[in-house]
Amino acid sequence: MGGQKIQAPKGVSEYVPPRSRLFDFVRECLIAPAKLAGYQLVELPVFEATELFIRGVGESTDVVSKEMYTFTDRGDRSITLRPEGTAGAMRAVIEHGLDRGQLPIKIWYSGQYFRAERPQAGRYRQFYQVGIEAIGLDDPAIDAEVIAIADAGFKAIGLKKYHLELTSLGDAPSRARHRIDFLTYIATLDLDEATASRTGINPLRLFDDKRPEIKQAMVKAPLLMDYLSDTSRAHFDQVKVYLDSMGISYELNPRMVRGLDYYTGTTFEFVHDLLGAQSGIGGGGRYDGLMKELGGQELSGIGFGLGVDRALLAAEAEGVISKQAFVSDLFIIPLGHGAMVMALAIATKLRMSGKIVDIAFGDRSLKGSMKAADKSGARNVIVLGDAEITSHSMEVKNMSTGVSTSVTIDSLNDAL
RNA sequence: GUGGACGUAGCUCAGCUGGUAGAGCACCCGGUUGUGGUCCGGGAUGUCGCGGGUUCGAGCCCCGUCGUUCACCCCA
């Protein structure tokens with residue numbers, strides 16, 4: 001009986017050949033700069049106690065209040081599929097006592113995250129992010145390094161049409177002083193109900209509203225940037241100096257809004273120009289109160305999350321990554337069972353020395369196998385038959401030049 | 001979550017005012033005996049997303065549902 005076709009759950013991003021190859025490339029590009037800078041891997045669970053995100057990310061955020069995949073497990077615990085990486089990373093740092101060693105703690109991670117939003121291109125219910133965290137250092141230089149690492153990842157992919165937006169959310173005193181004036185200002189605005197309620201939760205959201213009339217009304221709103229304390233300002237100025245010295249261009253966006261409550265001080269976002277509404281390809285910032293909030297010591301931190309799915313979309317939009325197929329060093333065509341024994345042995349040996357070797361399986365015609373070799377992108381082909389088995393020598397055909405050269409089985413490795 | 005568009009072979013799509021499906025690409029085989037890329041010939045492939053309804057008859061009409069997509073919202 002034929003079963004019903006089962007589809008993947010709504011809104012998940014998945015990658016299969018040939019595109020999975022590009023996904024892999026993009027992800028590696030994004031991770032590599034962190035490894036080169038001494039960040040170390042952490043592998044963390046995709047589900048955590050719900051409480052972690054409520055306290056870490058913030059109950060008032062949309063992410064926590066309406067986008068989490070939360071369920072009760074068999075032990076009656078409330079569990080949530082991670083909607084972001086920083087809270088879990090902090091939890092792990094505290095739990096494993098990493099903060100008792102040398103500072104800063106520099107870690108990187110990569111994996112899937114979950115948010116129950118309405119899907120759209122570049123916005124998925126399960127998506128991929130790579131991230132890093134540098135914990136336990138107030139030095140503005142680490143802010144600059146973190147930003148530079150993210151930028152290096154995008155550059156490694158070959159992305160050009162993106163820009164970096166930068167701002168500072170200041171420290172607690174800065175925000176407190178700004179809030180007074182800001183609330184006074186928006187009290188003078190005539191807002192519809194939905195907007196007003198959103199504003200009640202996080203007033204800064206208004207800066208992000210795309211409606212022209214709201215944008216117009218917000219032109220004269222007091223900017224947090226103008227309320228920075230001396231220490232916050234000095235820190236931010238120094239970050240800019242370091243970025244300038246590294247040749248990383250950015251634009252100040254004092255109206256930038258982040259959806260996670262833990263951000264403080266230096267905050268940034270990478271925006272791609274060709275991506276439509278879901279244009280943020282990465283973002284991050286300082287979260288100086290997070291560790292303590294989660295029951296650890298009072299250590300500051302900064303990190304980022306980069307969207308692998310969106311970076312891939314951006315790369316495709318810019319046309320910067322080649323769709324080059326799998327390329328092997330050698331394609332072996334065995335003729336008959338005896339030849340297959342030999343082919344398997346040769347392939348195993350060559351692979352151990354790092355050669356990429358493919359074999360023609362099944363009983364296709366020689367012509368069909370040659371076509372398969374051609375399409376696979378193999379650089380060289382050998383045909384194994386009775387003659388080769390007895391003589392232990394064979395013709396290596398170079399697929400781009402069409403030239404064949406005769407080699408013995410022992411010198412095959414060198415001939416490739 | 002709100003509003004709009006779309007859903008036909010693996011892919012991109014066509015299908016006239018309703019009469020039980022087509023193209024290109026890809027794929028497979030062959031063009032004589034063990035060597036590919038071009039060319040020629042041949043071939044396989046679709047519960048027309050799914051479920052109802054209207055009709056003598058629906059891929060084309062109606063309703064529902066699932067999925068995708070665009071904008072809002074949100075953000076990676």
Side-chain angles (χ1 to χ4, degrees), chain A residues 2-13 16-19 26 30 57 61-67 82-86 110-131 150 194-195 198 201-202 205 208-211 214 256-260 269-272 275-284 304-314 331-336 339 360 362 364-388 394-404:
Chain A
Q4 282 276 315
K5 265 189 206 167
I6 298 175
Q7 292 177 290
K10 182 188 180 90
V12 301
S13 65
V16 299
R19 199 157 94 107
V26 166
L30 294 177
V57 179
T61 62
D62 281 25
V63 169
V64 170
S65 65
K66 52 190 196 197
E67 295 173 0
R82 37 137 92 145
E84 59 91 55
T86 302
S110 165
Q112 42 278 81
Y113 296 84
F114 309 84
R115 256 119 98 159
E117 301 179 272
R118 179 125 165 206
Q120 212 174 310
R123 184 170 79 181
Y124 307 108
R125 270 134 92 126
Q126 172 176 304
F127 58 99
Y128 293 82
Q129 240 178 262
V130 306
T195 310
R198 252 187 290 136
I201 296 167
N202 181 356
R205 276 287 168 64
D208 220 16
D209 205 301
K210 286 171 187 167
R211 288 170 297 185
I214 302 289
M256 191 197 322
V257 177
R258 306 250 66 212
L260 281 18
E269 204 168 285
F270 287 86
V271 180
H272 197 267
L275 250 32
Q278 310 304 323
S279 58
I281 52 176
F304 64 59
L306 310 181
V308 184
D309 311 89
R310 289 187 187 175
L312 172 57
L313 253 19
F331 194 96
I332 304 175
I333 301 176
L335 267 23
R364 306 180 84 177
S365 66
L366 176 60
K367 179 170 179 167
S369 295
M370 282 303 293
K371 281 190 175 181
D374 187 39
K375 281 171 199 152
S376 81
R379 273 190 273 275
N380 299 287
V381 170
I382 59 174
V383 174
L384 258 32
D386 294 339
E388 286 79 8
M394 57 209 67
E395 298 282 308
V396 176
K397 178 166 183 174
N398 181 308
M399 291 300 273
S400 52
T401 63
V403 177
S404 293

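Note on naming: letters A, B, ... go to the chains in the order of the sequence lines (proteins, then strands), and numbering restarts at 1 for each one.
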Could you list the residues that satisfy salt bridge (Lys or Arg N to Asp or Glu O under 4.0 Å) with [X], not counting sequence neighbours?
{"X": "R205(A)", "result": "D62(A)"}
{"X": "K10(A)", "result": "none"}
{"X": "R123(A)", "result": "E117(A)"}
{"X": "R364(A)", "result": "none"}

Using atom [atom1] of [X] as one end and atom [atom2] of [N] as the other, report the distance to the nearest whole Å.
{"X": "D208(A)", "N": "C74(B)", "atom1": "CG", "atom2": "C1'", "value": "9 Å"}
{"X": "R115(A)", "N": "C74(B)", "atom1": "CZ", "atom2": "P", "value": "13 Å"}
{"X": "R205(A)", "N": "C73(B)", "atom1": "CZ", "atom2": "C1'", "value": "9 Å"}
{"X": "E84(A)", "N": "C74(B)", "atom1": "CD", "atom2": "C1'", "value": "15 Å"}

### Query
Is S279(A) near enough to C75(B) that one of its side-chain N or O atoms lies under 4.0 angstrom from OP1 or OP2?
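No, because none of the side-chain N or O atoms of S279(A) sits under 4.0 Å from OP1 or OP2 of C75(B).
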#### Entry: Pairing nucleotide - G64(B), Watson-Crick or G-U, each distance under 3.5 Å
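For G64(B), the partner nucleotide comes out as C50(B), under the 3.5 Å rule.
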### Query
Paired with G36(B): which nucleotide, if any, by Watson-Crick or G-U wobble criteria at under 3.5 Å for both distances?
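Pairing partner, where one exists within any strand: none, as none qualifies.
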Kindly give the atom pairs (protein nitrogen or oxygen, nucleotide nitrogen or oxygen) under 3.5 Å for nucleotides 37-43 of chain B.
unit_1	atom_1	unit_2	atom_2	d
G37(B)	O4'	D374(A)	OD2	3.1

### Query
If you round to the nearest 0.5 Å, how far is OG of S404(A) from CD1 of I382(A)?
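Answer rounded to 0.5 Å: 11.5 Å.
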### Query
Under the 3.5 Å rule, do the base of C75(B) and the side chain of R310(A) count as making a donor-acceptor pair?
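Present.
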### Task
Taking side-chain contact (heavy atoms from CB on, under 4.5 Å) as the test, write out the residues that go with V130(A), two or more places apart.
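Partners of V130(A) under the side-chain contact (heavy atoms from CB on, under 4.5 Å) test: R27(A), L30(A), I31(A), S110(A), L306(A), V308(A).
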### Message
Run the side chain to side chain donor-acceptor pair (under 3.5 Å) test against D209(A) and tell me which residues pass, sequence neighbours left out.
### Response
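So D209(A) forms a side chain to side chain donor-acceptor pair (under 3.5 Å) with R211(A).
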### Query
Can you name the side chain to side chain donor-acceptor pair (under 3.5 Å) partners of T61(A), sequence neighbours left out?
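Counting only residues at least two positions away or on another chain, T61(A) forms no side chain to side chain donor-acceptor pair (under 3.5 Å).
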### Message
For a quick check, with a 4.0 angstrom heavy-atom cut-off, what is the B/S/- contact string for nucleotides 65-72 of chain B, read 5' to 3'?
### Response
-SSSSSBB
